[in-house]
Structure formats: structure tokens, C-alpha cells
Amino acid sequence: MITIKTKRETWGKKIDFLLSVIGFAVDLANVWRFPYLCYKNGGGAFLVPYLFFMVIAGMPLFYMELAVGQYNREGAAGVWKICPIFKGVGFTVILISLYVGFYYNVIISWALFYLFSSFSGELPWVHCNNTWNSPNCSDWADNNSVSDIYKATPAQEYFERAVLHIQDSHGIDDLGRPRWQLTSCLAVVIVLLYFSLWKGVKTSGKVVWITATMPYVVLTVLLLRGVTLPGAIDGIKAYLSVDFLRLCDAKVWIEAATQICFSLGVGFGVLIAFSSYNKFSNNCYRDAIITSSINSLTSFFSGFVVFSFLGYMSHKHNVALDKVARDGAGLVFVIYPEAIATLPGSSVWAVIFFIMLLTLGIDSAMGGMESVITGLIDEFKFLHKHRELFTLFIVVATFLISLFCVTNGGMYVFTLLDHFAAGTSILFGVLIEAIGIAWFYGVDRFSDDIEEMIGQRPGKYWRLCWKFVSPCFLLFMVVVSFATFNPPNYGSYMFPPWANMVGWCLAISSMTMVPLYAIYKLCTLPGNPIFRDHRLAYAITPETEHHLIDNGEVRQFTLHHWLVV
């Protein structure tokens, strides 16, 4: 039987929880990453490995995190009362979420900067006659020959020279001061985050009614406009064109697996934190299927929007589609604004587009921040009474560190953080999480917990995935991420060795929480004369069963525990 010591806050309505999970999982990467990957890796054929990894790893891990959070009603660290030696992985995912917040909020501040700039008669990234333009600035019409490879479009120069001011920096060792325009936008983002989170899920659950639904409205409006443009159908055909021969390339499968790992948002502690505020009997199985499916469908749907405009750009400038197709910040801050600028009523379309980016980013940032706040206040109970102050402390600390990303050389800091903060470390975190729950806590015991909550025991498929398939998949991904590691770069700029060293220190700092906490736990647990391995017994046994150790009963010391599925 479960015992709840304190009455925990719950979501005002079930839909608040669903919108919060969808809002977190559906982020900017759904728009700027998946469609390009699909186009680059065989079009519709890319859906084969994507859906395969979704079914064998994505959904099971998503379901696992929702269930463990809901049953234990604690944040990412507190849930590990089920196997105390693994609590370090809770601190790993909390640290990762904190690190991501340092640079993710900067993307939202860029979107806010563009939004403010869109309220003008003529969009500022249309011509080359602005004060920030360089002699290399050239319209597309003049920029389609091999000799013009060093030319830059007005939209590209607006992003790099007017927004980032990267021309005033020589590299990561020449940052300069924070730029007041971006700093002001970042401050607005931080204020929005604070007042969305300060009262807990009672406030954040209402904010997501806007931030989680607005992107769908805007994507639909943009699609309806996009398909009417010349060349749009050619762009969509290129997006969906099926090339099954690409499935023979191992890189396609690796990119599909990587996309699944990062797009669903497992490993950030957010799903655990959100589900911990559910009612105990909530059907988390149904929630996992619904929200993970919506996330993937959104990625697929956004591809139609993106490639209708890319096809239009390709047609308008009479260049091949691969000349305009790209992913990342370049798509949403260079190519898309450039396409919008050519439309009648361009300012209105720009405002609509950047409101979508703002809402896509803000609820994902809220999720990451909630993971940190919930994870720490559940671990350090005295913080419960001071949630508002603690939330203020976290958002202000995040703001101060984010200032490095809004300097002249801030893009270099941003690139470094993006490369190291949540790459290999998050795959490692989810791997340890899966091993801790499925093997040490026990997949049979975990299934009992789910049955206690929803009245239905998970089928053998889910249990096999949790115990064997998902851990093997994650181990493979960790090995691949190390084997295929490339140092970060921004354009032609290569980072100095010391910067790469700082990046690795950042990645390792979160991963080392696992062994450091395990050593600490083994050194501080009480002894028991019945077992020579008494410390280990206490470390791997749920806290609610510690009394059984005194009688010599330790499930994990039996062969049945390790073999049962």
C-alpha cells in the first residue's frame, strides 16, 4: 500500500497536465529539426526508423517517467526512494535542465527581439542599405553564382550583425559586454517565466492553455498561406519523397534514434515533475500514448508548413531546394523571416510567426525550470514554504549566467552550451534511470505499482522494453554519441582547446552525480550484522522496505528478482 505523508498539490484540471506535457515536449526542435532530417534522410522513408525507435524506446521511456513520478509523487531526485543508490541520477537530470535553461531562454529572447522588430512598415531584414550591413550583403537575385559563395543575404546579416552583433567579436575569448537590447528581451522572458511558475502548477497549468495551443493555431494558418504560394507543392513533394535506399545507410538510423531521444523530452526530469502533481489514480498509460503521439504528429505536420515555404523560396529565387533547406536557428531566424518578407502584409505574418516561436519556447522553458524547482524543493523540504523566493532565486541565477549568451560573442557561448549541456549526458542519465527502475527496483515491482494506480498491469511488451530493449537502445546511443563526437564549431570558427575542455567539464559535471552520490550513500548508510553486504542492501532496497533487511529479506539478493519480467 502507498502512504502519502503530506498532501501534495495537484493539477487544477486533467487538461492542464496534458497541455503542460505537450507544451514541454513540442518545442522549437519540432519545427527546425525534424522536417529537415526527414527531407535529408529519404523523405517518407525516414518515418520507418523514426517510428520503429518511437515504439521500442520513445514511448516506453515516456510511459516509465510518467508512471514513476505519479506513483512516488516526488521530483526527479525524490523518486529514488525506490532505490536510494541511484538518487544521483535525479541530480544529474536536474543539473541538465538547469544548464539547458542557461541558453534555451536566449532563443526565446531572440524570438522576442524579432517580434518587436516586426512592428514596422517594412521589415528590417529586406534590404542591404542598413547601418549593420557589410559590403558582402547581397540579395538572392544577385547571389546564385559560385563566385558569390561569400555573399550574405539581408536576413542572414540581420540575424548575425543586427541581432547578435557577432562581427564585434573575434571568438569565445572576446565576448564584450551584454547588449542592452537582447538583455532587455531576456529580462522579459525571465519575468514571464517567474510569474508562470511562482505559484506552482496552479499558475503554470493556466499559462499552457495559451502557450501549448497557440503554436497549432499559427502552424495551421501558416500552412493555409504556404500551400497557396508558387513552388509550395514542389517543396512538400521533396519533403515526402520516399527513397528506401537511404535506409541502408546506418547514419539515417542513428539520426532517427537521436531525434527520438531528444524530441520526447525524457531525461530532463520534467515528465517526472509534472506527473508527480497528478491524482494517484490518473491513467498515466493513456496519457503517455496520447502526448507522445501528439508530439510526433506535430513534428510531421510542421514539415508541411516548413517545406511549403522552402519550396516557395526555391521557386522564387530559381535555386535548388537544398540551397535553401537547413535546420537549426538558421531556418527560423534567417530562411523563414526571408520568405515571410516577400509576402503581402509581411509584417503581420512576421508577428504571427514569432508569436508562435515565443509560445513554442516559453512552455518548454517552463518545463525545464519546473523540473529544477520541483526536484530541489522535494529533496530539501524546508524550501516548500519558500517556493516563491526559491523560484525567484533560480530564475535570477539563470538570467545572470544567460547574460554571457547575449554579448557580442554570445553566439559562441550559446553554441558551446548547446553542444555539451544535454548531449551524451542526457542519454547517460536516461540509461541509468532505466537500469535503476527496470533492474534494481524491478520491472515486476514497477508493474505492481502501475496496477495499483490504474487497475491494469502493463503488458509483456512494455515490460520487455523496459528491461531489455530500451536499456540496450540507450547503451547503443551512448556509445554512438562518444564514437561520433565532433568538436563544436560556428560556421568557419573552430573553438580553442580550452573551450572544448570547459564544455566537457560541463557535460561530465552532471554525469558524475551518479557515482558521487552512490559513494556518498554507501558511506553514510547504517550497518547490519546479518549481511556483510548490509550497506549495499540498504542502498538498493526501497526505503519503505528497509525494515525487511533486519530480517534478512532482500529481494535484490535473489536470482528470481533479476530473471523475472
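Keep in mind that this is a model prediction, so the values were computed, not measured. Residue numbers start at 1 and run along the sequence shown.
In this structure the side chain of L427 reaches within 4.5 angstrom of the side chain of C261, judged on heavy atoms.
Side-chain contact, T298 with Y216: a donor N or O sits under 3.5 Å from an acceptor N or O. Using modelled atom types, one finds no donor on one side chain facing an acceptor on the other under 3.5 Å when comparing Y99 with S425. E65 and S275 form no side-chain donor-acceptor contact under 3.5 Å, judged by distance and modelled atom types alone. One side chain, Y158 or S117, offers a donor N or O that lies under 3.5 Å from an acceptor on the other.
Between the side chain of S470 and the main chain of L61, no donor-acceptor pair closer than 3.5 Å is present. In terms of modelled atom types and a separation under 3.5 Å, the side chain of Y114 and the main chain of F333 share a donor-acceptor contact. Between the side chain of T92 and the backbone N or O of S510, at least one donor-acceptor pair lies under 3.5 Å. The backbone N or O of S371 sits nowhere less than 3.5 Å from a side-chain atom of T374 that would complete a donor-acceptor pair. When atom types are taken as modelled, the side chain of N105 and the backbone of G101 share a donor-acceptor pair closer than 3.5 angstrom. Checked by atom type and distance alone, the side chain of R463 pairs as donor or acceptor with a backbone atom of P458 at under 3.5 Å.
Considering every non-hydrogen atom in both C465 and I56, the closest pair reads SG-O, 3.8 Å. In terms of heavy-atom proximity, A76 sits nearest to V93 at CB-CG2, 3.5 Å. Here the closest non-hydrogen pair linking F495 and P488 is CD1-O, 3.3 Å. Nearest heavy atom pair, residue Y39 against residue A238, reads CD1-O, 3.7 Å. The shortest heavy-atom contact between S364 and G23 is OG-O, 3.3 Å. Scanning all heavy atoms of the two residues, the minimum distance from P35 to F307 falls at O-CE1, 3.4 Å.
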**Request:** For Y493 and T415, run side chain to side chain donor-acceptor pair (under 3.5 Å): C-alpha distance rounded to whole Å, both residues' side-chain angles, the deciding distance at 0.1 Å, then the answer.
**Result:** CA-CA 11 Å; Y493 177 79; T415 303; over 6 Å; no
**Test ring-ring contact (aromatic ring centres under 6.0 Å, His included) applied to F300 and F34, step by step** = CA-CA 7 Å; F300 185 61; F34 176 85; 7.0 Å; no
**Request:** Report the C-alpha separation of F485 and W504 in whole Å, then their side-chain angles, then the decisive distance to 0.1 Å, and conclude whether the ring-ring contact (aromatic ring centres under 6.0 Å, His included) test is met.
**Result:** CA-CA 11 Å; F485 173 79; W504 273 114; 4.9 Å; yes
**Prompt:** Hey, mind stepping through F159 and W110 against ring-ring contact (aromatic ring centres under 6.0 Å, His included) and telling me if it holds?
**Reply:** CA-CA 9 Å; F159 179 56; W110 294 342; 5.5 Å; yes
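Residues satisfying the side-chain contact (heavy atoms from CB on, under 4.5 Å) test with A350, not counting sequence neighbours, are S118, L123, W125, I340, F354. Partners of F274 by ring-ring contact (aromatic ring centres under 6.0 Å, His included), not counting sequence neighbours, listed by chain and number: W11.
Relative ring orientation between F52 and W253 is described as perpendicular, the plane-to-plane angle rising above 60° on a 0-90° scale split at 30° and 60°. Ring geometry for F309 against Y312 counts as perpendicular: the plane angle is over 60°, on a 0 to 90° scale with 30° as the lower cut.
Distance check: T153 OG1 to I335 CD1 gives 6.5 Å after rounding to the nearest 0.5 Å. Atom CG of residue D418 and atom OH of residue Y490 lie 12.0 Å apart, to the nearest 0.5 angstrom. Taking CG from L175 and SG from C405, the interatomic distance works out to 9.0 Å, rounded to the nearest 0.5 Å. Remark: F113 CZ to C185 SG distance equals 6.5 Å, nearest 0.5 Å. Atom OH of Y50 and atom OG of S296 lie 3.0 Å apart (nearest 0.5 Å). How far CG of D27 is from CD1 of I107: 8.5 Å, rounded to the nearest 0.5 Å.
The number of heavy atoms from other shown groups lying within 6.0 Å of CE (M501) does not exceed 12. The 12-atom threshold is not exceeded at CZ of F404, counting heavy atoms of other residues, nucleotides or ligands nearer than 6.0 Å. The number of heavy-atom neighbours closer than 6.0 Å to CE of M214, taken from other residues, nucleotides and ligands shown, is 12 or below. By the 6.0 Å contact criterion, CD1 on I15 is enclosed, its count of non-hydrogen atoms from other residues, nucleotides or ligands being greater than 12.
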